[in-house]
Amino acid sequence: MSFNLQRDEHSAAFFDATAQGQLLIRRCPRCDEFYPPHQRHCIDGTELEWAPTSGQATLVTWVVDHGAVIDPALAAADGATSVAGMVEFPEGPWMSVALVGVDLETLRAGDALEAHYLRLGDESVPVFGPVGRP
Amino acid sequence: MREFSKHQQAAIAGLGITETGKVYDKTVTEFATDAIRLAVADAGLTLGDVDGLLFSNGLGGGLTLRLPRDLGLRDLRVLSEISAYGATAIAQVQYACLAIAGGLAETIVCVHADVPLRPSVGAGEAYRASVAGRRSPTGFGAMTMIGGMRGANSMYALAARRYMEAFGVTSEQFGAVAVAQRRWAMMNPRAQFRTPLTIEDHQASRWIVEPLHLYDCCTVSNGAIAIVVTRSERARNLAQPPVYPWGWAQTHSGYAMARDSDFGLVSGAAIGGPAAMKMAGITTTDVDICELYDCYTYTAIITLEDYGFCAKGEGGAFAASGVLGPGGALPTNTGGGQLSSYYLWGMTPLSEAIIQARGQGGERQVAKHDVVMVSGNGGVLDYHGALVLGAQAPI
Ligand SMILES: [Zn+2]
């Protein structure tokens, strides 16, 4: 089953960047706090700005959904199981992402990961795998 | 010496539990009205004595402000829908006690009803469909779903894996909770699952979302449970031994999904449990029985830790030591819990707490049942309710 991922006004800039292989998170111009991409306002009420992040992240936690129906592009990247996780960017925010190319036997919290980009529907989606994976 | 406020002037006087599980011949309203009639009769009251109603919907919805009309209730002085997901039942008790203490009403019925199951649809599928049907995400919401986060099982699996990684707790230790509760359920005629369960069965059961096995996850039930809360003096002259709310708290933590977050490691129970026990004038050593919200084995384990029954990170070893099961030092989820008996959100632990405090647990009755600690948990460890129930009136 293919998923037709559709951008909306709040994610448009994010997907414009992923199409260029660039990952954006959010930053508060007032207090310099960083937030995940979906967040729109700082706790202090300020509207957040976009800020580039390196695409490097560490693994916080993960799950394996053996029965999941997954997009063929994801399946091609990683076989039939769906591995998803929470990653932490160097700036601090977490993001929930698909994991590809990870070894479930050795995977541990704290592992270094990096962003790769997969075409799903009309958009490029960041997925995370081991550093240096082609 | 405890100091009791005027808020602690109410008692639970009635309990009504409908048939639960794969029961398809009733609407959600019919379940609710059945449970309410059972609870009122259990208390030795009639519907005419009821002057307050606090109702709670499951994810399937369907109960509305028309419920009093369906029951023929008139001249109510309190009427509201209460929603804090799995923390709702404890919130209902709290609001009922406060309303009675504040003179808003005298006899308040609290009910929760849900009909998520349909014939020939699997439980997980039915529950997922009732969640997914509510929205069609775009943008970041869609990306999260495509990325693999698809509802409560995935989110709790994320929390559980973080917890296991942080403290070295194992799946077998989670399984000890399921096994202990099944032993209780085998003595509960209302339990949906009453066949023996071993750690090997738990380990061999299919993955729901790894690291959660099938037997780490609660069942799904159709049904309803209602309770009657009234002034303590009145409750003492009714049909059942009154059960007294001694202490309570709500804590709705809200996790920063960022570095140093407590997500998966500590829940609102860490604040709510001690607060409720302080109000009750007790400590963990005074608690005879725990009735904990156990949507997953993992949830029961971190609640035990957060309440202070064992140290943080030791909940798995605590469960594996056998203390939770029949004959153990801390009888926990003595009806089988949501894992093995019935799943009606916070009414599952609350109903068994009332049964045990009254001394009506039959074969599974715990000998010492003066103080029962009850928890409610909603969202993904987002909403927490804690309640201390006493078999005797607060002095
Ligand atoms: Zn700010």
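By convention in this document, chain letters (A, B, ...) are assigned in the order of the sequence lines, proteins followed by strands, and residues within each chain are numbered from 1. As a basis for the values below, the full set of heavy atoms in this structure was taken, side chains included, without hydrogen atoms, waters or symmetry mates.
The two residues A142(B) and L5(A) make their nearest non-hydrogen contact at CB-CD1, 3.3 Å. Across every non-hydrogen atom of T61(A) and R162(B), the tightest pair is OG1-N, 3.2 Å. When all heavy atoms are compared, the tightest approach of W62(A) to P211(B) is O-CD, 4.5 Å. Closest non-hydrogen pair, P36(A) versus M257(B), comes out as CG-O, 4.4 Å. Here the shortest heavy-atom pairing between S96(A) and T144(B) reads OG-CG2, 3.6 Å. Residues D65(A) and S154(B) approach most closely at OD2-OG, 4.2 Å, considering heavy atoms.
Atom CD of Q203(B) has more than 12 neighbouring heavy atoms from other residues, nucleotides or ligands inside a 6.0 Å radius. The number of heavy atoms from other shown groups lying within 6.0 Å of CG (L214(B)) is above 12. Under a cut-off of 6.0 angstrom, the local environment of CG in D260(B) is sparse, with at most 12 non-hydrogen atoms contributed by other residues, nucleotides or ligands. No more than 12 heavy atoms of other residues, nucleotides or ligands shown are found within 6.0 angstrom of NZ on K22(B).
No side-chain heavy atom of T138(B) sits under 4.5 Å from any side-chain heavy atom of R7(A). A 4.5 Å side-chain heavy-atom check between H66(A) and I208(B) finds every atom pair outside the cut-off. Proximity of F15(A) to M143(B): side-chain heavy atoms (C-beta onward) are separated by under 4.5 Å at one or more points.
Applying the side chain to side chain donor-acceptor pair (under 3.5 Å) test to pairs two or more places apart or on separate chains, those with a residue in residues 261-272 of chain B are S267(B)-D306(B).
Counting only distance, with no hydrogens or angles, the side chain of R259(B) and the backbone of P90(A) share a donor-acceptor pair below 3.5 Å. Counting only distance, with no hydrogens or angles, the side chain of E165(B) and the backbone of A109(A) share a donor-acceptor pair below 3.5 Å.
Of the atoms belonging to V63(A), heavy atoms from both backbone and side chain fall under 4.5 Å from chain B. Within the 4.5 angstrom heavy-atom criterion, no atom of E123(A) approaches chain B. Using a 4.5 Å cut-off between heavy atoms, Y35(A) makes no contact with chain B at all.
In terms of heavy-atom pairs under 4.5 Å with chain B, the best-connected choice from P37(A), G110(A), A12(A) is P37(A).
To the nearest 0.5 Å, atoms OG (S82(A)) and CE (M149(B)) are separated by 7.5 Å. The structure places CZ of F140(B) at 10.0 Å from CZ of R40(A), a figure rounded to the nearest 0.5 Å.
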